[in-house]
Engineer: 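Structure in structure tokens, see below.
By convention in this document, chain letters (A, B, ...) are assigned in the order of the sequence lines, proteins followed by strands, and residues within each chain are numbered from 1. A quick note: this is a predicted structure, and the numbers were derived from the prediction, not measured.
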Amino acid sequence: MAAHIPMTVRTRFAPSPTGFLHIGGARTALYCWLEARRRGGEFILRIEDTDRERSTDAAVQAILDAMQWLDLAADEGPFYQTKRQERYQQVAEELVAAGKAYYAYESKQEIEAMREAAMAAGEKPRYNGYYRDRNEPRREDPNRVIRFRNPIEGSVVFEDKVKGRIEIANSELDDLVIFRSDGWPTYNFAVVVDDIDMGITEVIRGDDHVNNTPRQINIYRALGAAVPEFAHLPMILDKEGKKLSKRTNSVSVMEYRADGFLPHAILNYLVRLGWSHGDQELFSRQEMISLFDIADVNKAASRFDTEKLAWVNQHYLKTDDPQSLAAEFEWHLRRAGIDPSTGPAPADVIVALRERVHTLKEMAEKAMIWYAPIAEWDDKAVAKHLKNSTAPAVLDAAKTLLAECSWKPEPIHQVIEQVATKLELGMGKVAQPLRVAMTGTQVSPSIEHTIYLVGRGEALQRIDAAIALAQGLS
RNA sequence: GCUCCCUUCGUCUAGUGGCCUAGGACACUGCCCUCUCAAGGCGGGAACACGAGUUCGAGUCUCGUAGGGAGCACCA
């Protein structure tokens with residue numbers, strides 16, 4: 001028996017640069033990447049920019065940036081379809097020469113009339129095959145296109161890795177245009193040529209392409225190429241079960257970044273949307289790679305749940321090394337108008353706040369208390385919060401002890417306890433006035449961490465200011 | 001209209017004929033812990049779209065119905 005030489009698995013992500021990388025595209029890219037990684041294959045990135053009307057360089061860059069931020073590196077590419085124009089033309093002409101495609105010269109209006117006639121007759125809008133058997137030679141004509149001579153008999157059957165067996169009769173398919181009158185290939189043709197040339201073995205894409213697959217398979221066969229495996233991913237819907245729309249949802253991956261989500265949290269959330277491994281919710285990169293299998297992906301569409309994403313995000317905020325989160329957090333601080341160098345170390349702030357927020361954006365907002373100048377506080381609100389007969393005594397006692405204690409959370413905690421014991425007050429009566437003095441608000445992390453992060457010099461000043469406000473009350 | 005696809009708690013899902021009086025997670029909620037807010041711990045309510053059939057036995061197989069989605073371009 002001949003030794004079986006395993007073909008290397010090659011997957012590809014092929015977005016068209018007409019907008020940002022959206023959440024559905026990110027999941028497709030993730031699944032392609034995971035499938036390639038797990039099976040020791042290659043992941044290729046291809047930019048499908050043959051629609052020159054709608055493609056933009058800015059969109060290309062946005063997609064590349066998002067892929068990088070998510071850390072989904074391609075092994076090859078990005079390849080651009082616009083750079084392969086001659087190749088498509090060459091293959092299309094070869095198909096004509098082999099009698100597997102033909103020139104057609106209808107105008108767009110004629111095609112339109114044809115579609116309407118078919119609709120009126122209760123049939124699918126389709127090409128009537130006028131030039132199919134006319135064998136017209138190539139001639140200069142603004143309406144010249146090349147159409148694929150689709151088989152008439154039989155049906156196309158393929159085993160989709162997520163949808164299962166799918167069969168469509170050839171009688172449902174018409175002779176699609178593969179090469180346009182403007183000199184560019186159409187989508188269905190370009191993908192096939194590219195996937196063959198790039199040696200793609202697994203086509204993983206959105207299930208809006210299921211209906212295109214039989215047409216493409218016929219082209220593979222006409223070209224004498226091996227047909228790859230297909231896996232069509234169900235859609236991602238919004239909370240209401242509607243199609244994700246820019247108007248009502250965050251759809252761009254980079255919007256999620258701006259909203260304070262971590263790249264790995266997004267990946268973890270996405271890998272679980274439509275796929276699972278028993279009861280496991282959290283996956284490291286390595287676990288995702290070793291456990292993921294495209295064949296285990298669910299068939300049905302799923303809804304995007306920001307609250308669960310937020311839970312996953314907080315999980316990683318709590319468990320990741322604060323130091324490794326610092327750079328992304330600083331990005332958010334700057335976005336919030338804060339200069340990180342004017343306050344405590346970002347990693348320390350992360351530790352103080354990570355159990356209290358779900359996103360880095362929220363964290364940056366809450367971190368304001370350690371960076372914003374005290375002058376910006378609302379004095380009236382602060383004074384009101386200090387309206388407590390024991391507040392001045394607490395502040396005074398704390399100030400004395402804080403001036404001398406060792407500046408670490410633990411000793412500061414002991415100071416609080418000493419004040420409570422000395423004044424015979426509960427922890428609440430001691431912590432709250434200090435909290436107000438430190439932050440101008442009634443909510444903050446544990447009091448010792450709050451004070452610690454303010455810093456000794458600033459803390460003493462804030463206590464003085466608070467005492468002044470409290471006295472102003474009486 | 002035609003073709004294809006989908007259907008388990010509110011949501012993401014486990015489930016591949018008996019282990020299911022259907023499991024986990026998010027969300028919601030009760031109690032505990034507590035210096036605020038959280039986090040955490042222990043509980044709770046909550047689902048097999050519907051109808052036939054196959055079978056000793058169906059969430060799991062078959063058919064039908066209903067509902068939802070996608071595609072039907074010289075757009076990808």
Engineer: When you get a sec, tell me which of B/C26, B/C75, B/C4 is the closest nucleotide to the side chain of A/D51?
Structural biologist: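 The answer is B/C75.
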Engineer: Looking only at atom P, what distance separates B/U54 and B/C63, rounded to whole Å?
Structural biologist: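 It comes out at 15 Å once rounded to the nearest Å.
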Engineer: Centroid separation under 6.0 Å, is that true for the rings of A/Y256 and A/F304?
Structural biologist: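 Ring centroids of A/F304 and A/Y256 are less than 6.0 Å from each other.
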Engineer: Look at the side chain of A/E172 against the base of B/C2 and say whether a donor-acceptor pair falls under 3.5 Å; ignore hydrogens and angles.
Structural biologist: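 In this structure, the two groups form no donor-acceptor pair.
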Engineer: Both distances under 3.5 Å, Watson-Crick or G-U wobble: report the partner of B/A14, or none.
Structural biologist: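 By the stated definition (distances under 3.5 Å), nothing pairs with B/A14.
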Engineer: Kindly confirm or rule out a cation-pi arrangement of A/R134 over A/Y130, judged by NZ or CZ under 6.0 Å from the six-membered ring centre and within 45° of its axis?
Structural biologist: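 Judged by the rule (NZ or CZ under 6.0 Å from the ring centre, within 45° of its axis), A/R134 counts as positioned above A/Y130.
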Engineer: Check whether any side-chain N or O of A/N212 sits under 4.0 Å from OP1 or OP2 of B/C75, and answer yes or no.
Structural biologist: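 For B/C75, neither OP1 nor OP2 has a side-chain N or O of A/N212 closer than 4.0 Å.
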Engineer: Between B/A66 and B/A49, how many Å separate the two C1' atoms, rounded to a whole number?
Structural biologist: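 Each nucleotide's C1' atom is 8 Å from the other's.
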Engineer: Among B/A14, B/A39, B/C6, which nucleotide sits nearest the side chain of A/A300?
Structural biologist: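 In terms of side-chain proximity for A/A300, the closest of B/A14, B/A39, B/C6 is B/C6.
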Engineer: Would you say B/C37 has OP1 or OP2 under 4.0 Å from some side-chain N or O of A/S444?
Structural biologist: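 Checking A/S444 against B/C37: no side-chain N or O falls below 4.0 Å of OP1 or OP2.
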Engineer: Hey, is the side chain of A/R115 poking within less than 4.0 Å of OP1 or OP2 on B/A73, counting only N and O atoms?
Structural biologist: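 True: A/R115 side-chain N/O within range (under 4.0 Å) of B/A73 OP1/OP2.
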Engineer: The side chain of A/M235 is closest to which nucleotide in this list: B/A70, B/C35, B/U13?
Structural biologist: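 Shortest atom-to-atom distance from the side chain points to B/A70.
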Engineer: Answer with yes or no after comparing the ring centroid distance for A/W275 and A/F283 against a 6.0 Å cut-off, counting only values under it.
Structural biologist: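 Ring-ring flag for A/W275/A/F283: true, centres closer than 6.0 Å.
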Engineer: Around atom CD of A/E153, are there more than 12 heavy atoms from other residues, nucleotides or ligands closer than 6.0 Å?
Structural biologist: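 At most 12 heavy atoms, drawn from other residues, nucleotides or ligands, come within 6.0 Å of this atom.
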Engineer: For A/G274, which contact category applies under a 4.0 Å heavy-atom criterion: base, sugar-phosphate, or nothing?
Structural biologist: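 Contact class for A/G274: sugar-phosphate only.
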Engineer: Quote, to the nearest angstrom, the P distance that separates B/G15 from B/C19.
Structural biologist: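 The same atom, P, in both gives a distance of 15 Å.
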Engineer: Can you find a side chain N or O atom of A/S446 that sits less than 4.0 Å from OP1 or OP2 on B/U36?
Structural biologist: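 Checking B/U36 against A/S446, no side-chain N or O comes under 4.0 Å of OP1 or OP2.
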Engineer: Considering every strand and a 4.0 Å limit on heavy-atom distances, what is the contact class for A/E281: base, sugar-phosphate, or nothing?
Structural biologist: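 Base contact.
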Engineer: Out of B/C26, B/C74, B/C35, which nucleotide sits closest to the side chain of A/M427?
Structural biologist: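 So the nucleotide nearest the side chain must be B/C35.
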Engineer: Does A/K163 put a side-chain nitrogen or oxygen below 4.0 Å from OP1 or OP2 of B/A70?
Structural biologist: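 Answer is no, no contact under 4.0 Å.
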Engineer: Would you indicate what A/K429 reaches in the nucleic acid, counting non-hydrogen atoms under 4.0 angstrom: base, sugar-phosphate, or nothing?
Structural biologist: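 Nothing, no nucleic acid heavy atom in range.
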Engineer: Side chain of A/N211, heavy atoms from C-beta onward: which of B/A70, B/C74, B/C35 has the nearest atom to it?
Structural biologist: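 Nearest to the side chain of A/N211 among the choices is B/A70.
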Engineer: With a 4.0 Å limit, can you tell me whether A/K299 has a side-chain N or O closer than that to the phosphate oxygens OP1/OP2 of B/C6?
Structural biologist: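 The answer is yes; a side-chain N or O of A/K299 sits under 4.0 Å from OP1 or OP2.
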Engineer: When the C1' atoms of B/A22 and B/A58 are compared, how many Å lie between them, rounded to an integer?
Structural biologist: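 Here B/A58 and B/A22 have their C1' atoms 13 Å from each other.
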Engineer: Using the P atom on both, measure B/C61 against B/G18 and round to a whole Å.
Structural biologist: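 That atom pair is separated by 12 Å.
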Engineer: With RNA chain B as reference, determine whether A/K308 or A/E48 sits nearer its 5' end, using the nearest nucleotide of each.
Structural biologist: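 Checking each residue's closest nucleotide, the 5'-ward one belongs to A/K308.
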Engineer: Is the ring centre of A/Y187 less than 6.0 Å from the ring centre of A/H209?
Structural biologist: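 Judged by ring-centre distance (under 6.0 Å), A/Y187 and A/H209 do meet the cut-off.
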Engineer: Which part of the nucleic acid, if any, lies within contact of A/Q314, taking any heavy atom under 4.0 Å across all strands shown: a base, the sugar-phosphate backbone alone, or nothing?
Structural biologist: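 Counting heavy atoms under 4.0 Å across all strands, the contact made by A/Q314 is with sugar-phosphate only.
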Engineer: Return the pairing partner of B/C35 with a 3.5 Å limit on both distances, Watson-Crick or G-U wobble; otherwise return none.
Structural biologist: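 Pairing partner: none.
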Engineer: A/R272 side chain: which of B/U36, B/C74, B/U13 is closest?
Structural biologist: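 Out of B/U36, B/C74, B/U13, the nucleotide with an atom closest to A/R272's side chain is B/U13.
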Engineer: Assess whether one donor atom and one acceptor atom, taken from the side chain of A/D208 and the base of B/G71, lie less than 3.5 Å apart.
Structural biologist: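 Not at all, since no donor on one side and acceptor on the other fall under 3.5 Å apart.
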Engineer: When the ring planes of A/Y105 and A/Y103 are compared, do they come out parallel, tilted or perpendicular, using 30° and 60° as the limits?
Structural biologist: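 Judged by the thresholds at 30° and 60°, the geometry between A/Y105 and A/Y103 is tilted.
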Engineer: Please report whether the ring centroid of A/Y31 lies less than 6.0 Å from that of A/F292.
Structural biologist: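 Centroid separation for A/F292 and A/Y31: below 6.0 Å.
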Engineer: Given that A/S107 and A/E448 both sit by RNA chain B, which one's nearest nucleotide is further toward the 5' end?
Structural biologist: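 Final value for this comparison: A/E448.
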Engineer: For B/G30 versus B/A14, give the span between their C1' atoms, rounded off to a whole number of Å.
Structural biologist: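 Per the computed distance, 27 Å lies between those C1' atoms.
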Engineer: Which part of the nucleic acid, if any, lies within reach of A/P15 when heavy atoms closer than 4.0 Å are counted: base, sugar-phosphate only, or nothing?
Structural biologist: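 No contact at all - A/P15 keeps every heavy atom at 4.0 Å or more from the nucleic acid.
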Engineer: Taking only side-chain N and O atoms of A/R147, does any of them lie within less than 4.0 angstrom of OP1 or OP2 on B/C74?
Structural biologist: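 Result: yes.
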Engineer: Under 4.0 Å, heavy atoms only, any strand: does A/D174 hit a base, just the sugar-phosphate, or nothing?
Structural biologist: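 Result for A/D174 = nothing.
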Engineer: Please state the P separation for the pair B/G10 and B/A52 - nearest whole angstrom.
Structural biologist: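 Straight-line distance between the two P atoms is 24 Å.
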Engineer: Determine which nucleotide pairs with B/U3, using a 3.5 Å limit on both distances of a Watson-Crick or G-U wobble pair.
Structural biologist: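 Pairing partner: B/A70.
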Engineer: Using purine N1 to pyrimidine N3 plus N6-O4 or O6-N4 for Watson-Crick, or N1-O2 and O6-N3 for G-U wobble, each under 3.5 Å, what pairs with B/A46?
Structural biologist: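 Per the H-bond distance test, none.
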Engineer: Considering only heavy atoms and no angle criterion, is a donor-acceptor pair shorter than 3.5 Å present between the side chain of A/R435 and the base of B/U36?
Structural biologist: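 Indeed there is one.
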Engineer: From the options B/G1, B/U13, B/C75, select the nucleotide whose nearest atom is closest to the side chain of A/R54.
Structural biologist: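 Nucleotide nearest to A/R54's side chain: B/C75.
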Engineer: If you check every side-chain atom of A/D279, which of B/U13, B/C75, B/G23 has the closest atom?
Structural biologist: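 Among B/U13, B/C75, B/G23, the one nearest the side chain of A/D279 is B/G23.
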Engineer: Decide whether a cation-pi geometry holds between A/R147 and A/Y127; the criteria are a distance under 6.0 Å from NZ or CZ to the six-membered ring centre and an angle within 45° of the ring axis.
Structural biologist: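 Checked: cation-pi criterion met.
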Engineer: For atom C1', what is the distance between B/U13 and B/C48, given to the nearest Å?
Structural biologist: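 To the nearest whole Å, 13 Å.
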